[in-house]
Amino acid sequence: MPSEACILTVNGGSSSIKFALYQMGAQPQKGLHGKIDRIGLLGTHFAFADPARKRRDDRSIGELDHRSAANFLLDWLDDQIGLASITAVGHRVVNGGANYREPHRVTRDLLDEMRRISPYAPEHLPSEIDLIDMVSERMPGLPQVACFDTAFHRDMPRVARILPIPRRFTTKGVERYGFHGLSYEFLMEELARVSGVEAAKGRVILCHLGNGASLAAVRGGKCIDTSMGFTPAAGVPMSTRSGDLDPGLGWYLAQTEDISAQQFNKMINHESGLLGVSETSSDLRDLLGREASDIRAAEAVALFCYQVKKWIGAFAAALGGLDALVFSGGIGENAPAIRARICEGLGFLGVHLEEIRNATGEPVISADHGHVQVRVIRTDEDVIIAKAVFRMLAGTETPPARPPRGVGP
């Protein structure tokens with residue numbers, strides 16, 4: 001392995017590809033990084049920043065599907081740094097199923113399993129598999145590592161994983177997996193660094209609030225529950241995802257609106273949440289700007305804050321109290337008004353915000369007299385991927401795939 005390996009991290013979503021290059025010395029150093037978004041839509045967009053050369057760009061690149069976007073990125077990287085300079089690639093993979101619960105070197109067996117479980121996450125896994133295949137085509141033999149968003153939740157107790165449907169489906173892998181795990185892993189590492197190891201071993205609720213939003217309850221450094229479920233559509237309302245719904249709604253809409261399963265899936269993933277309730281925008285910034293004059297925007301914002309608050313209360317009960325509350329993600333990091341509304345009324349748990357600290361986005365936004373430390377931490381999934389790849393390059397053996405979990409008595 002080179003003394004300073006150059007690692008490419010790739011975070012492929014349903015309509016975007018984020019990337020970053022890391023030089024791995026004593027500490028990972030982030031270099032050239034950027035994003036292609038609006039993939040599959042008119043006006044596919046490309047942006048990058050190059051700190052070393054003090055360059056950045058932001059432009060439209062036409063209308064690209066996933067494969068074309070990935071090819072564009074690889075061609076562009078080849079022009080910028082030469083693909084031969086890349087030592088390894090790390091991929092964010094949304095779900096590893098029951099078998100893959102740690103970062104894993106990409107192998108034929110792993111890809112076969114990802115294809116098998118693609119119906120678990122049809123919005124994400126197929127495009128992630130395509131990205132891995134395309135890197136293999138362009139850079140044969142280059143080590144690739146899959147880092148699973150579900151891995152953080154692997155130690156959840158069985159009672160938190162079981163879904164209340166016929167037990168036979170559990171043998172087919174139907175259970176609560178949870179997501180945003182790479183973000184949560186970073187947040188716990190950072191919490192231990194800034195607040196101390198003992199604080200990170202306490203009763204912690206992590207709020208990753210962005211376009212996708214979820215919460216995780218952590219005790220003793222291990223996740224005991226999370227709001228997302230079998231798919232990322234569960235939990236709190238999100239930008240375009242519904243969050244939790246009465247399951248009878250699907251049957252009702254099939255009978256009264258002739259909505260098919262495919263149409264229902266599209267509705268709950270792309271037409272619901274903030275967009276569905278407001279009828280105008282999936283962006284919370286837009287809705288905050290309109291709430292004074294548009295009741296639909298006001299209700300969308302209120303619903304989001306109310307549901308996040310409910311999950312905090314539920315997780316505090318599951319944890320037996322609360323020591324630390326962490327906000328992260330695009331909304332959690334940048335929307336003090338939303339943080340304030342979520343925390344309002346949580347004084348009975350010991351949550352008290354200090355208004356000025358919250359408004360200015362200080363690292364600690366709780367009042368001195370509050371029993372719960374409330375923090376804002378900027379998440380970084382890419383560095384978690386880079387560190388996992390580096391550990392594997394440094395000689396840590398790829399852990400074996402675990403057999404599927406048993407169904408218990």
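Everything quoted here is computed from the prediction, not taken from an experiment.
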Could you state the interatomic distance from CD (Gln144) to CG (Leu110), rounded to the nearest 0.5 Å?
-> 10.0 Å

Where do His91 and Ile385 come nearest, in terms of heavy atoms and distance?
-> N-CG2, 4.0 Å

Can you check salt bridge (Lys or Arg N to Asp or Glu O under 4.0 Å) on Arg115 and Asp133, steps first, answer last?
-> CA-CA 12 Å; Arg115 291 187 178 97; Asp133 286 340; 3.0 Å; yes

Mind checking side-chain hydrogen bond (donor to acceptor under 3.5 Å, both in side chains) for Arg59 and listing every partner two or more places apart, or none if nothing turns up?
-> Asp57

Heavy-atom count around Arg285 CZ within 6.0 Å, excluding the residue itself: above 12?
-> no

Could you check Met188 against Phe152 for side-chain contact (heavy atoms from CB on, under 4.5 Å), going step by step and ending with a plain yes or no?
-> CA-CA 10 Å; Met188 290 304 297; Phe152 181 81; 4.0 Å; yes

Can you list every side chain to side chain donor-acceptor pair (under 3.5 Å) pair that touches residues 182-208, not counting sequence neighbours?
-> Ser183-His208, Ser183-Thr379, Tyr184-Ser214, Glu189-Lys387, Glu190-Arg193, Ser195-Gln373, Ser195-Arg375, Arg203-Asp323

Would Asp37 and Lys18 satisfy side-chain contact (heavy atoms from CB on, under 4.5 Å), going step by step from the backbone distance to the final call?
-> CA-CA 8 Å; Asp37 59 10; Lys18 299 177 186 176; over 6 Å; no

Heavy-atom distance under 4.5 Å between the side chains of Val389 and Tyr22, does that happen here?
-> no

Distance (rounded to the nearest 0.5 Å) between Asp155 CG and His153 NE2 = 11.0 Å

Is Asp109 close to Tyr100 at the side-chain level, that is, under 4.5 Å between some pair of heavy atoms?
-> yes

Output, in order, the C-alpha distance, side-chain angles, deciding distance and verdict of side chain to side chain donor-acceptor pair (under 3.5 Å) for Glu63 and Thr44.
-> CA-CA 5 Å; Glu63 183 177 354; Thr44 302; over 6 Å; no

Pair Arg290-Thr280, side chain to side chain donor-acceptor pair (under 3.5 Å): steps then yes or no = CA-CA 10 Å; Arg290 295 172 184 162; Thr280 57; 3.1 Å; yes

Please report the closest heavy-atom contact between Glu123 and Ser127, naming both atoms and the distance.
-> O-OG, 4.4 Å

Taking Ser366 for the side chain and His352 for the main chain, is one N or O donor matched with an acceptor at less than 3.5 Å?
-> no

Qualifying residues under ring pair (Phe, Tyr, Trp, His ring centres under 6.0 Å), relative to Phe327, sequence neighbours excluded = none

Residue Glu137 excluded, over 12 heavy atoms near CD under 6.0 Å = yes

Can you tell me how far the CD1 atom of Ile377 sits from the SG atom of Cys207, to the nearest 0.5 Å?
-> 11.5 Å

Closest heavy-atom pair and its distance - His124, Pro232 | CE1-CG, 4.4 Å

Here the pair of heavy atoms bringing Ile39 nearest to Ile17 is CD1-CG1, 3.7 Å

Are Trp311 and Lys309 side-chain neighbours, meaning at least one heavy-atom pair lies under 4.5 Å?
-> no

Could you go step by step and tell me if Leu77 and Leu73 meet the side-chain contact (heavy atoms from CB on, under 4.5 Å) rule?
-> CA-CA 6 Å; Leu77 287 171; Leu73 175 59; 4.0 Å; yes

Quick one: pull up CE in Met134 and CE in Met139 and give me the separation to the nearest 0.5 Å.
-> 10.0 Å

Side-chain contact, heavy-atom cut-off 4.5 Å: His104 with Glu113?
-> no

Does the ring centre of Phe72 sit less than 6.0 Å away from the ring centre of Trp76?
-> no

List in chain and number order the residues that pass ring pair (Phe, Tyr, Trp, His ring centres under 6.0 Å) with Phe186, two or more places apart in sequence or in another chain; answer none if no residue qualifies.
-> none

Do side-chain atoms of Arg161 reach the backbone of Met156 as a donor and acceptor pair under 3.5 angstrom?
-> yes

Among Leu206, Leu319, Asp225, whose side chain to side chain contact (heavy atoms under 4.5 Å, CB included) with Val218 holds?
-> Leu206

Side-chain heavy atoms of Arg116 within contact of Asp112, under 4.5 Å | no

Which residues satisfy the side-chain hydrogen bond (donor to acceptor under 3.5 Å, both in side chains) test with Arg38, sequence neighbours excluded?
-> none

So does Glu355 have more than 12 non-hydrogen atoms from other groups sitting under 6.0 Å from CD?
-> no

Are any non-hydrogen side-chain atoms of Ile86 and Leu83 less than 4.5 angstrom apart?
-> yes

Please report the C-alpha distance between Asn95 and Phe179 in whole Å, then the side-chain angles of each, then the deciding distance to 0.1 Å, and finally whether the side-chain contact (heavy atoms from CB on, under 4.5 Å) criterion is met.
-> CA-CA 8 Å; Asn95 197 331; Phe179 302 90; 4.0 Å; yes

Flag side-chain contact, heavy atom, 4.5 Å: Phe19 against Thr9 = no

Enclosure of Lys222 NZ (heavy-atom neighbours >12, cutoff 6.0 Å) = no

Can Arg341 and Glu344 be counted as an ion pair, charged N to O under 4.0 angstrom?
-> no

Side chains of Val93 and Met114: does their closest heavy-atom pair fall under 4.5 Å?
-> yes

Find the distance between CG (Leu274) and CG (Asp283) and round it off to the nearest 0.5 Å.
-> 9.0 Å

Locate the shortest heavy-atom distance separating Gly43 from Ser60; write the atom from each residue and the value.
-> CA-OG, 3.9 Å

Pairwise distance CD1(Ile356) to CD(Glu362) - rounded to 0.5 angstrom = 9.0 Å

Ignoring hydrogens and geometry, is there a side-chain-to-backbone donor-acceptor pair from Arg176 to Ala160 under 3.5 Å?
-> yes

May I have all residue pairs that pass ring pair (Phe, Tyr, Trp, His ring centres under 6.0 Å) and include part of residues 223-274, sequence neighbours excluded?
-> Tyr120-Phe230

Asp149 side-chain N/O to Leu182 backbone N/O, donor-acceptor pair under 3.5 Å = yes

Between Ile7 and Met24, what is the shortest heavy-atom contact and its length?
-> CD1-CG, 3.2 Å

Any donor-acceptor N or O pair under 3.5 Å, side chains Asp65, Ser68 | yes

Dump the intermediate steps for side chain to side chain donor-acceptor pair (under 3.5 Å) on Asn269 and Asn265, then the final yes or no.
-> CA-CA 6 Å; Asn269 279 289; Asn265 183 66; 3.0 Å; yes

